[in-house]
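Notes follow the structure.
The sequence lines fix the lettering, A, B, ..., with proteins before strands; numbering per chain opens at 1. Reckoned from all heavy atoms, side chains included, excluding hydrogens, waters and symmetry mates.
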2 protein chains.
Amino acid sequence: MNVMVFRALADPNRFGIVELLKEGSLPVGIIAERLELSQPQTSKHLRVLAEAGLVQVEPSANKRIYQLRTVPLQELETWLQTYRRMWEEKFDNLDDYLHQLQQVDNNKDHKE
Amino acid sequence: MNVMVFRALADPNRFGIVELLKEGSLPVGIIAERLELSQPQTSKHLRVLAEAGLVQVEPSANKRIYQLRTVPLQELETWLQTYRRMWEEKFDNLDDYLHQLQQVDNNKDHKE
DNA sequence: GCGGAATATTCCTTGACAGGAATATTCTTT
DNA sequence: AAAGAATATTCCTGTCAAGGAATATTCCGC
């Protein structure tokens with residue numbers, strides 16, 4: 001799992017851009033307008049998102065249309081799958097290490 | 001979706017802690033040892049993870065056992081679901097806005 | 001090619017955060 | 001109560017990233 005994706009999504013403005021682009025691809029100017037960001041800020045955030053693979057650009061006429069790339073999100077879901085059993089199997093949170101400590105505690109109670 | 005979760009996972013060491021705790025709950029000392037982090041660093045990272053709701057602490061004897069909380073991960077998955085159709089329905093990435101621009105391009109071609 | 005629109009980049013400043021070292025705190029045991 | 005183990009917090013420093021302003025670049029229409 002690439003942590004750059006998390007870093008990209010960690011900024012509220014960038015998260016907002018992703019949420020906005022979910023509804024459809026947009027040029028920079030519109031994104032800036034919708035999120036009330038300056039144009040340079042928007043471009044810079046889009047750069048970070050692009051470097052994380054979350055967006056890709058499609059030049060069209062005078063504008064540059066940004067659209068979401070789903071691949072990183074799919075990878076994110078794949079990563080999440082590895083945790084899924086933790087809440088599906090209602091796994092009891094105490095693991096081996098805890099059980100060992102439990103035995104230590106029992107020894108303590110035994111002594112007192 | 002709480003962006004604090006992304007921020008917490010954006011740091012490689014914290015991501016490593018989460019991955020480690022997936023295998024089972026552990027006290028601070030062991031976490032530090034496994035990831036070759038200093039004890040203070042580990043405590044600080046665990047603090048951030050706890051504030052993001054990703055871990056919770058369970059005092060046991062002399063130690064403090066940290067365990068994963070799956071709730072934020074479930075919320076993350078729920079959030080991802082809203083994007084799922086984007087790659088399941090093989091949605092063509094060109095949206096209304098793009099089609100409008102396409103028409104503009106057609107006009108241009110028509111003129112030349 | 002020129003003017004202008006749309007976007008990208010640079011420079012600067014400021015704030016947030018990671019890491020290290022030292023210290024404080026908490027709990028346990030005796 | 002005292003000592004020690006385990007953990008948390010504080011202080012400090014360096015680095016990086018976000019935001020604003022200005023400028024550079026790219027691309028279209030004429």
| Excluding sequence neighbours, so at least two apart, what forms salt bridge (charged side-chain N to carboxylate O under 4.0 Å, His left out) with B/Arg34? |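 Partners of B/Arg34 under the salt bridge (charged side-chain N to carboxylate O under 4.0 Å, His left out) test: none.
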
| query | Which residues satisfy the salt bridge (charged side-chain N to carboxylate O under 4.0 Å, His left out) test with A/Glu33, sequence neighbours excluded? | reply |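 If we apply the salt bridge (charged side-chain N to carboxylate O under 4.0 Å, His left out) test to A/Glu33, skipping adjacent residues, there are no hits.
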
Can you tell me how far [atom2] of [N] sits from [atom1] of [X], to the nearest Å?
| X | N | atom1 | atom2 | value |
| --- | --- | --- | --- | --- |
| A/Arg7 | C/dC17 | CZ | C1' | 12 Å |
| B/Glu58 | D/dT7 | CD | P | 14 Å |
| A/Leu37 | C/dA8 | CG | C1' | 16 Å |
| B/Leu35 | C/dA18 | CG | C1' | 15 Å |
| B/Arg64 | C/dT28 | CZ | P | 11 Å |

Test of understanding: with side chain to side chain donor-acceptor pair (under 3.5 Å), list the residues that count as partners of [X], not counting sequence neighbours.
| X | result |
| --- | --- |
| A/Gln74 | A/Thr70 |
| B/Ser38 | none |
| B/Glu75 | none |
| A/Glu51 | A/Arg47 |

| message | Which residues pass the side chain to side chain contact (heavy atoms under 4.5 Å, CB included) test with A/Gln81, not counting sequence neighbours? | response |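 Side chain to side chain contact (heavy atoms under 4.5 Å, CB included) list for A/Gln81, sorted by chain: A/Glu77, A/Arg84.
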
| message | Run the side chain to side chain contact (heavy atoms under 4.5 Å, CB included) test against A/Asn62 and tell me which residues pass, sequence neighbours left out. | response |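 Expected list: none.
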
| message | For the backbone of B/Val57 and the side chain of B/Arg64, can you confirm whether one donor and one acceptor N or O come within less than 3.5 Å of each other? | response |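 It does not hold such a pair.
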
| Got a donor-acceptor contact below 3.5 angstrom from the B/Arg69 side chain to the B/Gln56 backbone? |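 A pair under 3.5 Å: no.
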
| request: Using five pairs at either end of the helix from C/dG1-D/dC30 to C/dT30-D/dA1, determine the angle between the two local helix axes and round it to 10 degrees. | output: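 Inter-axis angle at the termini of the helix from C/dG1-D/dC30 to C/dT30-D/dA1: 30°.
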
| For the hydrophobic clusters of this structure (ILVMFWY residues joined by side-chain heavy atoms under 4.5 Å, transitively), does one cluster hold both A/Leu20 and A/Leu37? |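 A/Leu20 clusters together with A/Leu37.
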
| said: Given D/dC28, C/dT7, D/dA8, identify the nucleotide with an atom nearest to the side chain of A/Pro27. | reply: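 My answer, after comparing the listed nucleotides, is C/dT7.
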
| Residues within residues 11-20 of chain B bordering DNA chain D, heavy-atom distance below 4.0 Å |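 Residues of residues 11-20 of chain B that come under 4.0 Å of DNA chain D do not exist, since none gets that close.
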
| When the ring planes of B/Phe15 and A/Phe6 are compared, do they come out parallel, tilted or perpendicular, using 30° and 60° as the limits? |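 Ring orientation of B/Phe15 relative to A/Phe6: tilted.
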
| message | At less than 4.0 Å, is any side-chain N or O atom of B/Tyr66 found next to OP1 or OP2 of D/dA8? Yes or no. | response |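 So the side chain of B/Tyr66 is within the cut-off, an N or O lying under 4.0 Å from OP1 or OP2 of D/dA8.
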
| query | Among residues 38-51 of chain A, which contact DNA chain C at a heavy-atom distance under 4.0 Å? | reply |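 By residue number: A/Gln39, A/Pro40, A/Ser43, A/Lys44, A/Arg47.
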
| field | Beyond-backbone contact of A/Trp87 with B/Leu73, side-chain heavy atoms, under 4.5 angstrom | value |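 Sidechains of B/Leu73 and A/Trp87: in contact.
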
I'd like a table of atom pairs between the protein and nucleotides 3-5 of chain D - only N or O on both sides, under 3.5 Å - with the distance next to each one.
none

